[in-house]
2 protein chains.
Amino acid sequence: MDKSNNLGIKEIAKLANVSIGTVDRVLHNRTGVSAATRKKIQHIIKETGYTKNILASRLKLAARKKIKIAILIPEIKNEWSYWKAPQKGIKKAVKELKEQGISIQFFHFNFLHPQSFSEKCGTIFSEAFDGIITVSFLEKESNDLLVKSIKQNIPVVFLDTERPLKYSANFIRQNSVNAGMVAGRLLHGLVGNDGQYFVVNILNEDGIQINNRQRESGFRAFFNKNFKNKSIAIHTINHPLENDFEITEALKQLFSNEKTKGIFVTNARSFLIPQILKENNISDTFIVGFDLNRQNLALLKTGQISFLINQKPEYQGYTAIKSLYKFLTENDDSELNVEIPVEIIVKENA
Amino acid sequence: MDKSNNLGIKEIAKLANVSIGTVDRVLHNRTGVSAATRKKIQHIIKETGYTKNILASRLKLAARKKIKIAILIPEIKNEWSYWKAPQKGIKKAVKELKEQGISIQFFHFNFLHPQSFSEKCGTIFSEAFDGIITVSFLEKESNDLLVKSIKQNIPVVFLDTERPLKYSANFIRQNSVNAGMVAGRLLHGLVGNDGQYFVVNILNEDGIQINNRQRESGFRAFFNKNFKNKSIAIHTINHPLENDFEITEALKQLFSNEKTKGIFVTNARSFLIPQILKENNISDTFIVGFDLNRQNLALLKTGQISFLINQKPEYQGYTAIKSLYKFLTENDDSELNVEIPVEIIVKENA
DNA sequence: GTAAGTTTCGTGTACGTTAACGAATGTATG
DNA sequence: CATACATTCGTTAACGTACACGAAACTTAC
């Protein structure tokens, strides 16, 4: 149990009266060692608390075989795409690990064409990657990928959002239900019990996603748990991005009273709301949204958005690579499953 | 400029028609190389964008000479001391870097006896440490340390709080003025323009510290900047920890009106306030404080504290070691100066 | 022109791990 | 008992860097 002086394979060999080659065979579970010596060496390894020197190990292995990681994420349609951020974090991590023998390859799929996901999967599995980073937006396809990866013993990390799958899987994600609850807390602080609340799902062509649903459910859960007896009204508005914001008569009535209004936008499009409110002469509103994109941040600065919740997408990508690498080199899976804290951003700490 | 294939010292040597020994001499600025070949090799190094393989470099050097880092922080008086957290982060980082050749030694000083800081400094400088992690609470002593460290060319990182010093220095800290502004934003959201605000400095034996002052000034700056014309009242209360909370007649009057009250506690002792409020029958209050200690978190859960601001002390310690190591091994100082974001904690994301 | 000194450079070994290669021993088969 | 074959193990050469050692070339002084 003496971990203070870090001894090497050489010392282990000496203690066991064998050569380093034999110790190495035991460490890597290779054949060619008698049961007796194997046991003896295993015992000594445990006793001494030996752990391999990663520097030396990687130095040796990096030249022989690079670790190949495939990244399958949604298409990046423009410079401001959300997926630029994880990509950036991934590239940063790879840069740090470059000389330690790692290489990556990006694959992209289209939300609207699930088969594009499956196709890329096929390519990935046919090319002997050592690890996969992807997302779980498409349920069936994610399950297919997971099953294949388990069969082929290839570790997978899902980014962004957690969804229940057939088998347990690794997620690096923010808890969206929790994020919704935080949003509830923040809005309620500003709006109070006498106000009116709106959950706005601004949908683009991809339709409503699992994280939108989870965020709304968390938001509602917050009020249900803490203010059940106050019967606070929460209205959901599903707004397709293509159309103009259609204020129905019913909605107009809701908006036209004197109550303070709290608006929770379940995705990154909260920056669309202030303009709409202005056009319709709706005042006394507070907005909570997601993600630190340029437009959102601008409105945070002006006070038109009160709070933003950050998912740290860049950090998610960075962590995914680092933790996969750690697992593949040290067999340490402790960081494959990470819950990103719900980071609250106001004007002053943006 | 070709950075894609990471080539080694061997390839550089071949390109320059010299041996690896000569390249090595150039890389380490050692003597024994003619000006002409030195220039030629330097040119090729620049051309190819060669960077040393840190794995191999550290593997070679770790055996020869460990990197020794001294940590000089306040005494840790009990299990719940704030300084346990940075210590924990430091130990975590050291564990990760252990086999790469690093060793640390903790030193502790007493706020009340500045000479205890100086004395430990003397010891540290006499023992040839490669780097120092400390804090800048004591102005004169911090300057003395900084001057010595510059003379002896030993890198120093200050944790927790930034203070202006004679020379520029490395800080891993939260911007306390900014944190105060965030607190202002949060409290104002809850209390509004018609409320009353209190800045409470709960002082222990160490007296008021620089970060308390900075936090208060940030808090006041927030109101001054955003609501100057509203003439919002902000009262400061300096409360020595030893005494009971003494509610003077003047204070009693301030507290006894019907206005909503916002209380900003400038350090980790916000957990003392709810009890005092209760004893004095003061209601309709909101509290914002600092640090995720056990007591604060318990009151956050019950709603008696609305927001806590986290300084991520463990992360500060972790980062300090990692960045010092990076500087000492790769000569990369880009991470020696870190601003810890002002992390906002509510019940739901604690 | 030779000895001594100086500058410039190549060679070799080590860091700890990995894995190929082959030597030694053991076992089976005729 | 000899040969073939399998099992068990030790030896050795890398990975890329760091640095000591000494060889070669060149300079200076007599």
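Here is how names work: the chains are called A, B, and so on, in the same order as the sequence lines, proteins then strands, and each is numbered from 1. Values below: all heavy atoms of this structure, side chains included; hydrogens, waters and symmetry mates excluded. This is a predicted model, so every value here is computed, not measured.
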Taking the minimum atom-to-atom distance to the side chain of [X], which one of [options] wins?
X: R30(A); options: dT17(D), dG16(C), dA19(C); value: dA19(C)
X: T37(A); options: dT17(D), dC9(C), dC9(D); value: dC9(D)
X: N53(A); options: dC9(C), dC15(D), dT17(C); value: dT17(C)
X: L61(B); options: dC19(D), dG10(C), dT18(C); value: dC19(D)
X: S57(B); options: dT17(C), dT17(D), dG10(C); value: dT17(D)
X: V18(B); options: dG10(C), dT17(C), dC21(C); value: dG10(C)
X: V33(B); options: dC9(C), dC15(C), dT17(C); value: dC9(C)
X: K60(B); options: dT18(C), dC21(C), dC15(C); value: dC15(C)
X: A56(B); options: dA18(D), dT18(C), dG16(D); value: dG16(D)
X: R25(A); options: dA19(C), dA20(C), dC15(C); value: dA20(C)

For residues [X] and [Y], determine if any side-chain heavy atom of one lies less than 4.5 Å from a side-chain heavy atom of the other.
X: F158(A); Y: R163(A); result: no
X: Q105(A); Y: K68(A); result: no
X: K322(B); Y: I90(B); result: no
X: I340(B); Y: Q311(B); result: no
X: I41(A); Y: Y50(A); result: no

Under 4.0 Å, heavy atoms only, any strand: does [X] hit a base, just the sugar-phosphate, or nothing?
X: K52(B); answer: sugar-phosphate
X: G21(A); answer: base
X: D24(B); answer: base

Record whether the side chain of R58(B) comes under 3.5 Å of the base of dG16(C) through a donor-acceptor pair of N or O atoms.
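Check fails, no donor-acceptor contact within cut-off.
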[X] vs [N]: side-chain N/O to OP1/OP2 distance below 4.0 Å:
X: Y50(A); N: dG16(C); answer: no
X: T31(A); N: dT8(D); answer: no
X: K10(A); N: dC15(C); answer: yes
X: S34(B); N: dC9(C); answer: yes

If you round to the nearest 0.5 Å, how far is [atom2] of [Y] from [atom1] of [X]?
X: I54(A); Y: K52(A); atom1: CD1; atom2: NZ; value: 7.5 Å
X: R58(B); Y: Q100(B); atom1: CZ; atom2: CD; value: 7.5 Å
X: E11(B); Y: I20(B); atom1: CD; atom2: CD1; value: 11.0 Å
X: L15(A); Y: L7(A); atom1: CG; atom2: CG; value: 7.0 Å

When the distance from [atom1] of [X] to [atom2] of [N] is rounded to whole Å, what number comes out?
X: L55(A); N: dT17(C); atom1: CG; atom2: C1'; answer: 11 Å
X: I9(B); N: dA18(D); atom1: CD1; atom2: C1'; answer: 8 Å
X: L59(B); N: dT13(C); atom1: CG; atom2: C1'; answer: 13 Å
X: E99(B); N: dG16(C); atom1: CD; atom2: P; answer: 11 Å
X: K65(A); N: dA19(C); atom1: NZ; atom2: C1'; answer: 15 Å
X: Q100(A); N: dT17(C); atom1: CD; atom2: P; answer: 16 Å
X: L7(A); N: dC15(C); atom1: CG; atom2: P; answer: 14 Å
X: K14(B); N: dT11(C); atom1: NZ; atom2: P; answer: 13 Å

Whichever of G32(A) and I20(A) has the more 5' nearest nucleotide on DNA chain D, that residue is G32(A)
Return the angle between end axes of the helix from dG1(C)-dC30(D) to dG30(C)-dC1(D), with five pairs used per end and rounding to 10°.
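Nearest ten degrees gives 60° for this helix.
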